[in-house]
Structures are given as C-alpha cells and as structure tokens.
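Data first, discussion second: the structure below is written as structure tokens.
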Amino acid sequence: MPQVIDLHPPHRSELDMYNCGIEDCRPGHFFGPAVREYYLIHVIRSGKGFFQVGNQRYPLRRGQGFLICPDVVTFYQADQDDPWHYSWVGFNGTKARDYLEAAGLSQANPIFGFDREDALPEWIGRMVEAGSLGRGRETALRGLLYLFLSRLIENAKTECAGNQLSKKEQYLQKAIEFIRINYSRKITVRQIAAFVGLDRSYLSALFREELHRSPQEFLIRFRMEKARGFMANESLSIGDVARSVGYDDPLQFSKAFKKWSGLPPSRYRKRAGEDASG
DNA sequence: CGTATATGCCACCCCGATGA
DNA sequence: TCATCGGGGTGGCATATACG
C-alpha cells in the first residue's frame, strides 16, 4: 500500500512541495508517457527499473535516483523480475532549479547516485510521517524538503571531490575557467591549451567530443553572451563593448556579433530597447 | 602474461583571414 | 597575388592502467 502526502497546489514561493510518497512497485508497474507541472525526484530503495526521457533510456537500480523536469514527457517502469521500491518527492518554486543545478541535476543530466549515509529515502520517510501533523505540517514538510535537497547537493560535491570527473572533464573545466577569467583580453587557443597543460590539437579534440564545438567557437560564444550583457548598458559605445570582450577592432566584433545573433550590434541594441519599452 | 582502453603528443594537411 | 599565421581536424604512435 503506497503512502502518499498530497498538498494543495501551493502558491509559488522559493520552494514548494507538491507531494511525496513511498511506493513498492509491482513487477512491470509503469507511469507515462506523461508530463508533470513540477520537479519530481525518485530515489530507488531497492530493485530495478528504467527511466526514459526523449530517446534516452536509463536502466536504474538501488542507490540511484532520477529527476523529472516540468513539462517534459517521461516514462518509467519497474523491472519484471526485481521491481523497484522507490520514494518520491514533487516540488517547484523560484529557487528549485538553482538547488537542482547545485546538485548537478538538470533535464540533460537527470540521474544521480547516493550512498547509504546520504539517507535520501529516509528524508522522504520523515516527510510522509510529517504528513500527519496539524497546523505545523506545511512548515515541517518545507524544512524536510530543504534538508533533502541539501543532502543531494552535498552528495554531488563529494562525487566531484571523489574524482568522479574524468580527466577530460577536469581539463575542460580548467579551460573554461581560463576563458571566463581572460575573455576580455586577446587570448588564443594556444594560450588556453598551455594553461591547461595540453597540446592544442588534443584540447581541440576534447572540446569537440564533450561540447560539440571547437575551443574558438566556445570562446566566441562566451564573448558574445558577455557582449549582449554589456550592450544593455547604453552608456557604452559598441567600440567599448568590443574592447570589453577582447576585440580591439570594432568592425571585427560587429562581424562576429552579427554571425552569432543575426543582427549587427547597433540594430540588436535598438531592437532590445524597443522590446523592453513595449 | 597479453590485450583492451584511455590518455596524450606530434606531424601533417587544409582553411580562412590578413597584410605586404 | 602570395606568404604568413591562427586555427581545426586526422592518423600514427607511445605510455599507462585495467582486465582477464
């Protein structure tokens, strides 16, 4: 018999719980394909099953969990022989996405693992217990949800520290860090590679493999995103913006910006201003 | 022990931009 | 027009680690 706590659709604040529950699925039990209007995390206490989003299919088992994002079609099903027993919590709010991001979770990366000492299922168990409270119920559930997410975030941290990141990912992080700090200066792909300590062609291959674009393409996109931000400041000339993102030649900047956004900087700024005023 | 896989460097070729 | 330069990408090869 599943235990479920269902709240009224809450007003939108920083973090709101929609529901939570514990369920021991029967063999082959499934849900979907369907969408949710909130984030929904399942943590698997035992057994097996799979989670499918788009054409990605994730076989999952005890000690793992998955995130369903709002308005995304998903399907999940318990194993026929060893059906999973999971606990789940649904939530949303203005900060929900930030917390999930801190835990390394997103639509693109919806899977996580957890250790016994993380006690993620136990937190949901306490939520279900708190469901029988009176006037303090909503506050208790909110607190437990925060604690649950804090465990999830902490868990993501140790995963990184525990060298879960491959060398490739570490190199990419280092390269991106260099770009983040130096985008406003004239930097070359060779300098980025030297900073990371890799051969230029090898770094290029890593970018292509992991990010599906070359280091230079990544750098240009990064600069254009920054430029877009700078252009909101009307006191800066296009030349000022160009120099602020590492272009000493405004014409070259305009060309790159047009290629990126479809509009030359001056027209882009004009249109953005019109959009903002009505 | 041999083999597979990941990692990483290097030589090389091609392209486009630039500038004399 | 042609040389140069920065850059992207490939294939070959070496090394280390994991795995049976």
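Here is the naming used below: chain letters follow the sequence lines, and residue numbers restart at 1 for every chain.
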Below the 4.0 Å mark, does [N] have OP1 or OP2 next to a side-chain nitrogen or oxygen of [X]?
X	N	result
A/S201	C/dG7	no
A/T188	C/dG6	no
A/Y171	B/dG8	yes

Distance in angstrom units between [X] [atom1] and [N] [atom2], rounded:
X	N	atom1	atom2	answer
A/L198	B/dA6	CG	P	17 Å
A/I220	C/dG8	CD1	C1'	12 Å
A/F207	C/dG8	CZ	P	10 Å
A/D199	C/dT15	CG	P	17 Å
A/L251	B/dG19	CG	P	12 Å
A/L206	B/dT7	CG	P	9 Å
A/R200	C/dG6	CZ	P	10 Å
A/L203	B/dC9	CG	P	10 Å

Any ion pair linking A/R142 and A/E138 (charged N to carboxylate O, less than 4.0 Å)?
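Yes, charged N to carboxylate O under 4.0 Å.
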
Is a salt bridge present between A/D24 and A/R45, judged by a nitrogen-to-oxygen distance below 4.0 Å?
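Looking at A/R45 together with A/D24, the answer is yes, because their closest N to O distance falls below 4.0 Å.
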
NA contact type, A/R208, heavy-atom cut-off 4.0 Å: base, sugar-phosphate, or nothing?
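The answer is sugar-phosphate, as A/R208 gets under 4.0 Å only of primed atoms, P, OP1 or OP2.
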
Testing the basics here: between A/P265 and A/I238, what is the closest heavy-atom pair and its distance to 0.1 Å?
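Smallest heavy-atom distance, with atoms named: CB-CD1, 3.6 Å.
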
Which of these nucleotides, B/dC9, C/dG6, B/dT18, is closest to any side-chain atom of A/Y202?
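The answer is B/dC9, which lies nearest to the side chain.
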
As a test of reading the structure: which of B/dG8, C/dG7, B/dA17 is closest to the side chain of A/V189, going by heavy atoms?
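Per side-chain heavy atoms of A/V189, the pick is C/dG7.
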
Do A/F51 and A/V72 share a hydrophobic cluster (ILVMFWY, side-chain heavy atoms under 4.5 Å, transitive)?
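Same hydrophobic cluster.
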
Output the distance between atom OH (A/Y183) and atom CZ (A/F218), rounded to the nearest 0.5 Å.
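Going from OH on A/Y183 over to CZ on A/F218, the span is 13.0 Å.
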
